[in-house]
Amino acid sequence: MRIAILGGDGFVGWPTALHLSALGHEIHIVDNLSRRWIDTELGVQSLTPMDSIQERCRIWQQETGEKLHFHLLNLATEYDRLRGWLAEHRPEAIIHFAEQRAAPYSMKTDRHKVYTVNNNVSATHNLLAALVETGIDAHLVHLGTMGVYGYSTVGAPIPEGYLDVSVETPSGAKGLEILYPTRPGSVYHMTKSLDQILFQFYAQNDGLRITDLHQGIVWGTHTDQTRRHEQLINRFDYDGDYGTVLNRFLIQAAIGYPLTVHGTGGQTRAFIHLQDSVRCVELALSDAPKRGERVKIFNQMTETHRVRDLAEMIAKMTGARVAYLPNPRKEADENELLVKNDQFLGLGLKPITLAEGLLAEVVDVAKKYAHRIDRSRVPAVSAWTKDIAQRVEHDPEGKRLRSVS
């Protein structure tokens with residue numbers, strides 16, 4: 001199958017490209033390399049050293065004989081080029097990762113909020129409009145987030161996308177199926193909520209075949225494919241804007257940094273291992289909706305954990321110290337999170353759950369590349385509001401000189 005992977009240079013996009021290429025698909029990576037520019041903006045780098053996308057593609061072909069095609073293109077700003085590219089290459093499936101993916105980055109300043117909305121929403125809408133215009137009947141698989149649901153709960157499991165409700169009418173109660181109500185907790189999560197509405201419209205109006213994956217927090221470093229050569233290694237973010245919570249804890253433990261738990265640590269989050277994430281994309285491709293069907297929605301996660309429980313588990317495993325800090329996010333101190341993921345289990349997913357061996361593997365990677373870590377970039381300091389910004393802790397290690405007078 002000819003597959004376009006939009007955002008294929010990214011944290012999940014790159015291992016997905018390798019995974020699907022290894023299965024024999026013709027892979028076209030389409031990316032504007034913006035994530036690399038954001039590294040430059042933030043003054044931080046991936047923990048793992050990353051070659052250029054062209055060199056990574058060359059190494060993959062050297063190791064496997066399979067070619068990865070790379071195309072430099074900005075989906076959000078180059079609509080005519082995107083439409084032309086689709087008309088020329090006519091992919092049979094499209095995997096859409098091409099969005100700014102970090103909630104903290106989306107909340108840093110007004111400029112970051114505007115960029116995130118313009119980039120994410122325009123990229124998605126440009127893609128949908130171009131598919132209609134070119135008449136390409138490709139299966140579109142989009143990587144969304146569990147965060148569209150928010151982190152409040154009514155005590156019932158979150159269904160996979162749709163909710164059956166009863167509406168009172170003059171003639172009595174009537175059943176209705178609606179999208180599960182969103183309650184985004186950041187500008188980034190809001191853009192993913194807007195994506196859902198765009199997908200619903202284009203599926204019902206133009207018959208586009210769309211699958212939306214509501215993914216949990218990804219952890220881990222390697223997949224079977226990224227292990228094949230050191231230059232194929234995936235990017236690994238540890239900073240306060242892009243590092244995911246479990247990976248950050250493991251890196252902090254590896255370098256003797258306090259495990260930074262914000263607020264009470266009572267926030268419950270959904271998690272998935274990187275290897276399961278790419279496997280879920282493969283499974284979703286194999287279960288495409290038919291033209292005219294509603295958007296297919298999967299909850300792409302395998303387990304839920306409280307943040308403080310993860311920190312205590314890693315502290316016990318590594319001897320690290322846990323530091324409880326003010327929370328830069330505007331969110332409830334405690335929440336429950338019950339989630340259904342029956343569809344992926346039904347398609348044959350055998351989840352990789354938190355295991356000491358895999359956790360230790362991440363710590364080993366962190367120790368190997370510890371010389372690349374800038375400790376000043378570890379704290380999470382992007383605040384959700386100006387009031388919250390006043391109490392954000394910038395020095396969890398307590399190394400700043402303090403007045404004694």
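Computed over heavy atoms, backbone and side chain alike; hydrogens, waters and symmetry mates excluded. Every value quoted in this text rests on a predicted model; they were computed, and no experiment measured them.
Taking 4.0 Å as the cut-off between side-chain N and carboxylate O, K368 and D364 do not count as a salt-bridged pair. Ion pair D110/K113 not flagged as a salt bridge, since none of the NZ, NE, NH1 or NH2 atoms sits closer than 4.0 Å to an Asp/Glu carboxylate oxygen. Of the charged side-chain nitrogens involved, none lies within less than 4.0 Å of a carboxylate oxygen, so that D237 and R248 do not count as a salt-bridged pair. Using a 4.0 Å cut-off between charged nitrogen and carboxylate oxygen, E177 and R294 count as a salt-bridge pair. Contact check on R228 versus E63 returns no salt bridge, with no Lys/Arg side-chain nitrogen under 4.0 Å from an Asp/Glu carboxylate oxygen. Under 4.0 Å is where a charged nitrogen must lie from a carboxylate oxygen, and between E230 and R56 no such pair does. In this structure, E312 does not pair ionically with R306, as no charged nitrogen and carboxylate oxygen lie closer than 4.0 Å. D276 has no carboxylate O lying under 4.0 Å from a charged side-chain N of R279, or vice versa, which leaves the two without a salt bridge. A salt bridge links E361 with R227: the closest approach of a Lys/Arg side-chain nitrogen to an acidic carboxylate oxygen falls below 4.0 angstrom. A salt bridge links E397 to R375: one of the charged nitrogens lies within less than 4.0 Å of a carboxylate oxygen.
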For this session: Kindly determine whether T182 and Q196 satisfy side-chain hydrogen bond (donor to acceptor under 3.5 Å, both in side chains), including the steps that lead there.
Result: CA-CA 10 Å; T182 65; Q196 287 195 108; 5.3 Å; no
Exercise. After noting the C-alpha distance and the side-chain angles of K296 and D212, does the key distance pass the salt bridge (charged side-chain N to carboxylate O under 4.0 Å, His left out) rule?
Worked result: CA-CA 6 Å; K296 185 169 286 190; D212 198 8; over 6 Å; no
Problem set entry | Stepwise salt bridge (charged side-chain N to carboxylate O under 4.0 Å, His left out) test for K192 and E99 | CA-CA 9 Å; K192 296 291 191 176; E99 296 179 270; 2.9 Å; yes
For this session: Start with the C-alpha distance between T244 and W219, add both sets of side-chain angles, then the distance that settles side-chain hydrogen bond (donor to acceptor under 3.5 Å, both in side chains), and finish with yes or no.
Result: CA-CA 7 Å; T244 59; W219 67 282; over 6 Å; no
For this session: Walk me through it: do N119 and Q100 pass the test side-chain hydrogen bond (donor to acceptor under 3.5 Å, both in side chains)?
Result: CA-CA 7 Å; N119 181 80; Q100 192 292 105; over 6 Å; no
For this session: Under the ring-ring contact (aromatic ring centres under 6.0 Å, His included) rule, what do Y188 and Y105 come out as? Steps first, then yes or no, please.
Result: CA-CA 8 Å; Y188 156 72; Y105 184 85; over 10 Å; no
For this session: List the steps, then state whether salt bridge (charged side-chain N to carboxylate O under 4.0 Å, His left out) holds for K174 with E168.
Result: CA-CA 6 Å; K174 180 179 179 181; E168 289 298 328; over 6 Å; no
Exercise. Between L143 and Q300, is a side-chain contact (heavy atoms from CB on, under 4.5 Å) present by the stated rule, with each step listed?
Worked result: CA-CA 9 Å; L143 190 69; Q300 187 164 304; 3.9 Å; yes
For this session: Give the C-alpha distance, both sets of side-chain angles, the deciding distance and a yes or no for side-chain hydrogen bond (donor to acceptor under 3.5 Å, both in side chains) between T264 and E334.
Result: CA-CA 7 Å; T264 67; E334 308 272 336; 3.0 Å; yes
Exercise. Passes side-chain contact (heavy atoms from CB on, under 4.5 Å), N247 versus F11? Steps please.
Worked result: CA-CA 12 Å; N247 278 356; F11 174 52; 4.2 Å; yes
Problem set entry | salt bridge (charged side-chain N to carboxylate O under 4.0 Å, His left out) evaluation trace for D9 with R36 | CA-CA 9 Å; D9 187 48; R36 295 177 184 248; 2.7 Å; yes
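Using a 4.5 Å heavy-atom threshold, the side chains of P181 and L163 count as touching. L128 is listed as a side-chain neighbour of L208, based on a closest heavy-atom distance under 4.5 Å. Between L131 and Y202, the closest side-chain pair of non-hydrogen atoms is not below 4.5 Å. Inter-residue side-chain proximity for L359 and M313 is flagged as met; some heavy-atom pair is nearer than 4.5 Å. Counting heavy atoms from C-beta outward, I3 and I95 have side chains that approach closer than 4.5 Å. The side-chain heavy atoms of T223 and L18, taken from C-beta on, include no pair separated by under 4.5 Å. Looking only at side-chain heavy atoms (C-beta outward), R308 and Y324 come within less than 4.5 Å of each other. In this structure, L47 and I251 have side chains that are in contact, with non-hydrogen atoms separated by less than 4.5 Å.
Distance alone, capped at 3.5 Å, places no donor-acceptor pair between the S46 side chain and the P49 backbone. Judged by distance alone, with hydrogens and angles left aside, the side-chain atoms of Q267 form a donor-acceptor pair with the main-chain N or O of H262 at under 3.5 Å. Formation of a donor-acceptor pair under 3.5 Å by the H96 side chain with backbone atoms of A98 is found in this model. The main-chain N or O of L75 is found under 3.5 Å from a side-chain atom of N126 such that the two form a donor-acceptor pair. Put simply, the side chain of Q252 gets close to the backbone of T260: a donor and an acceptor are under 3.5 Å apart. Panel note: side chain T134, backbone L86; no donor-acceptor pair is recorded below 3.5 Å.
When each of I272, L345, I352, L354 is paired with T302, the side chain to side chain contact (heavy atoms under 4.5 Å, CB included) condition holds for I272 and for no other.
Taking the ring centroids of Y180 and Y162, they lie at or beyond the 6.0 Å cut-off. Close placement of the Y149 and H214 rings is indicated, their centers lying within 6.0 Å of each other. Aromatic ring centroids of F97 and H142 lie 6.0 Å or more apart.
Crowding of K340 atom NZ: a count of heavy atoms from other residues, nucleotides or ligands under 6.0 Å not exceeding 12. For Q54, the CD atom sits in a packed shell: over 12 heavy atoms of surrounding residues, nucleotides or ligands are nearer than 6.0 Å.
Using cut-offs of 30° and 60° on the angle between ring planes, the pair H28 and H71 is parallel.
A donor and an acceptor atom, one from each side chain of H19 and T16, are nowhere located under 3.5 Å apart. With 3.5 Å as the limit, one finds a donor-acceptor pair spanning the side chains of H189 and S186.
Note that CG of L127 and CG of D195 are 10.0 Å apart. Values are rounded to the nearest 0.5 Å. Summarising the geometry, atom NZ belonging to K108 is positioned 5.5 Å from atom CG belonging to L42; distances are rounded to the nearest 0.5 Å.
Figure legend: R235 and W14 shown without cation-pi pairing, the cationic atom not lying both under 6.0 angstrom from the six-membered ring centre and within 45 degrees of its axis. A cation-pi arrangement is absent between R372 and Y238 under the rule of less than 6.0 angstrom and at most 45 degrees off the ring axis.
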